[in-house]
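To start, the structure under review is shown below, and the notes come after it.
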Amino acid sequence: MQKRYIPVVFLLAVLLVLFAHFGARVAAQPAFTYAEEEKKIYLTFDDGPSTVVTGRILDTLKEKNVKATFFIVSDRALSRRETLRRIAAEGHTLGVHSATHNYREIYASKDALLKDIQTCSSVIEKTTGVTPRVYRFPGGGCGHANEYSPAVREQGYRIISWNAVCGDEEISNASAETLIKTAKETAQGRSSVVMLLHDSAYRKTTAEALPDIIEYFRGQGYTFCAF
């Protein structure tokens, strides 16, 4: 009678060995987890350069080890070439914004817009040696962005808009505290933030708010990027 049970006992023993071997391998594998979407923020500054404000902003960016993107108005850069060169030398991105920031002239026609872009680009390149490859419509395009975007792209530019603001353009006489609060509110819930700020001469509160804006987003786990 005992001989009849030997194959069964043997089979059970083999199964136990196999289970122990492969079960241990399965248990050793790490549990699969979905990677969180990377959080990025692009700080973008329009309408400069200015002497004092852009300088203060560059000081902060250097101190905080942050790279940003500056959309240049070339008429304002002609007397501030050293500031323009500093932006490039410290590793920030230079973009075309406008030659004059005169909406009526810029948007008079497609050719007028392209001439404005070329004038601004030429000043940047001759001053810094950098050929700009990003562009931001003055005033967000003033209703012409869809019409003129294909022509701008044909010139080799990537068009950059924004999806969050600090409020230095939208809120009259905003304090630094208001700018910080607005930056937080308008970026809320976004994993990729393109923040609109300004570095023209009368944006002193923007320079004042910038360190706290950087610290807030860094504390929220954002990586700072430039275009």
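Counting from 1, the numbers follow the sequence of the chain as shown.
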TODO: Fit a plane to each ring of Phe70 and His92, take the angle between them on a 0 to 90° scale, and name the class: parallel (under 30°), tilted (30 to 60°) or perpendicular (over 60°).
DONE: perpendicular

Open item on the list: Using every non-hydrogen atom in the two residues, find where Tyr148 and Ala108 come nearest and quote the distance to one decimal.
Closed with: OH-C, 4.4 Å

Task: From CA spacing to verdict: side-chain hydrogen bond (donor to acceptor under 3.5 Å, both in side chains), Ser122, Thr119 - done: CA-CA 5 Å; Ser122 179; Thr119 300; over 6 Å; no

Task: Same cluster (ILVMFWY, side-chain, under 4.5 Å), Ile106 and Phe71 - done: no

Task: Tyr222 and its ring-ring contact (aromatic ring centres under 6.0 Å, His included) partner, picked from Tyr42, Phe217, Tyr216 - done: Phe217

- [ ] Find the distance between CD (Glu105) and CG (Asp116) and round it off to the nearest 0.5 Å.
- [x] 8.5 Å

Open item on the list: Donor-acceptor pair, distance only, cut-off 3.5 Å: does the side chain of Thr60 make one with the backbone of Leu210?
Closed with: no

TODO: Quick one: closest heavy-atom pair of Ile124 and Gly95, and the distance?
DONE: CD1-O, 3.7 Å

Open item on the list: With heavy-atom distances below 4.5 Å as the criterion, would you say the side chains of Thr206 and Asp199 are in contact?
Closed with: no

Open item on the list: Test of understanding: clusters of I, L, V, M, F, W, Y form through side-chain heavy atoms closer than 4.5 Å, transitively. Do Tyr157 and Val73 belong to the same one?
Closed with: no

Open item on the list: Can you confirm whether Arg158 sits close enough to Ile160 that some side-chain heavy atom of one is under 4.5 Å from a side-chain heavy atom of the other?
Closed with: yes

Open item on the list: Working to the nearest 0.5 angstrom, can you tell me the gap between Glu170 CD and Thr182 OG1?
Closed with: 8.5 Å

- [ ] Could you tell me the separation between the CD atom of Glu125 and the CD atom of Gln118, rounded to the nearest 0.5 Å?
- [x] 8.5 Å

Open item on the list: Can you tell whether the side chains of Asp47 and Arg136 come within less than 4.0 Å, N to carboxylate O?
Closed with: no

Task: Flag, side chain of Ser98 to backbone of Thr100, donor-acceptor distance under 3.5 Å - done: yes

TODO: Would you indicate whether the side-chain heavy atoms of Lys184 and Ile180 approach each other to under 4.5 Å?
DONE: yes

Task: Test item: Leu179 and Glu208 side chains (from C-beta on) under 4.5 Å apart, heavy atoms - done: no

Task: Any Leu196 side-chain heavy atom under 4.5 Å of Glu169 side chain - done: no

Open item on the list: Let me check something: do Ile57 and Ile72 share a hydrophobic cluster, defined by ILVMFWY side-chain heavy atoms less than 4.5 Å apart, either directly or through other members?
Closed with: yes

Task: Flag, side chain of Ser200 to backbone of Gly48, donor-acceptor distance under 3.5 Å - done: no

- [ ] List the steps, then state whether side-chain contact (heavy atoms from CB on, under 4.5 Å) holds for Thr54 with Phe45.
- [x] CA-CA 9 Å; Thr54 304; Phe45 296 90; over 6 Å; no

TODO: Check the surroundings of atom NZ in Lys67: do more than 12 heavy atoms from other residues, nucleotides or ligands lie under 6.0 Å from it?
DONE: yes

TODO: Indicate if Leu113 and Val123 have the same hydrophobic cluster label, given that clusters are the connected sets of ILVMFWY residues with side-chain heavy-atom separations under 4.5 angstrom.
DONE: no

Task: Heavy-atom pair with the smallest gap, counting every atom of Ile117 and Tyr135 - done: CG1-CE1, 3.5 Å

Task: Greater than 12 external heavy atoms within 6.0 Å of Lys64's NZ - done: yes

Open item on the list: So which atom in Val194 and which in Trp162 form the shortest heavy-atom distance, rounded to 0.1 Å?
Closed with: O-CB, 3.4 Å

Task: Heavy-atom side-chain proximity of Tyr103 to His101 below 4.5 angstrom - done: yes

Task: Arg81 CZ: over 12 foreign heavy atoms closer than 6.0 Å - done: yes

Open item on the list: Can you tell me how far apart CD1 (Ile87) and OG1 (Thr127) are? Round to the nearest 0.5 Å.
Closed with: 11.0 Å

- [ ] Looking only at non-hydrogen atoms, find the nearest pair between Ala99 and Ser74 and report the distance.
- [x] CA-OG, 3.2 Å

Task: Pairing residues for Glu82 by the salt bridge (charged side-chain N to carboxylate O under 4.0 Å, His left out) criterion, not counting sequence neighbours - done: Arg85

- [ ] Taking the side chain as every heavy atom from C-beta outward, state whether Leu61 and Phe224 have any pair of such atoms under 4.5 Å apart.
- [x] no

Task: Heavy-atom check, side chain of Lys110 versus side chain of His144, under 4.5 Å - done: no

- [ ] Following the transitive rule for hydrophobic clusters with a side-chain heavy-atom cut-off under 4.5 Å over Ile, Leu, Val, Met, Phe, Trp and Tyr, establish whether Leu43 and Val134 coincide in one cluster.
- [x] no

Open item on the list: Within this structure, what is the CE-OG1 distance for the pair Met195 and Thr186, rounded to the nearest 0.5 Å?
Closed with: 4.5 Å

Task: OG on Ser121 to NZ on Lys126, rounded to 0.5 Å - done: 10.5 Å

- [ ] Specify the closest pair of heavy atoms between Val130 and Pro132, including all atoms of both residues, with the distance to one decimal.
- [x] O-CD, 3.3 Å

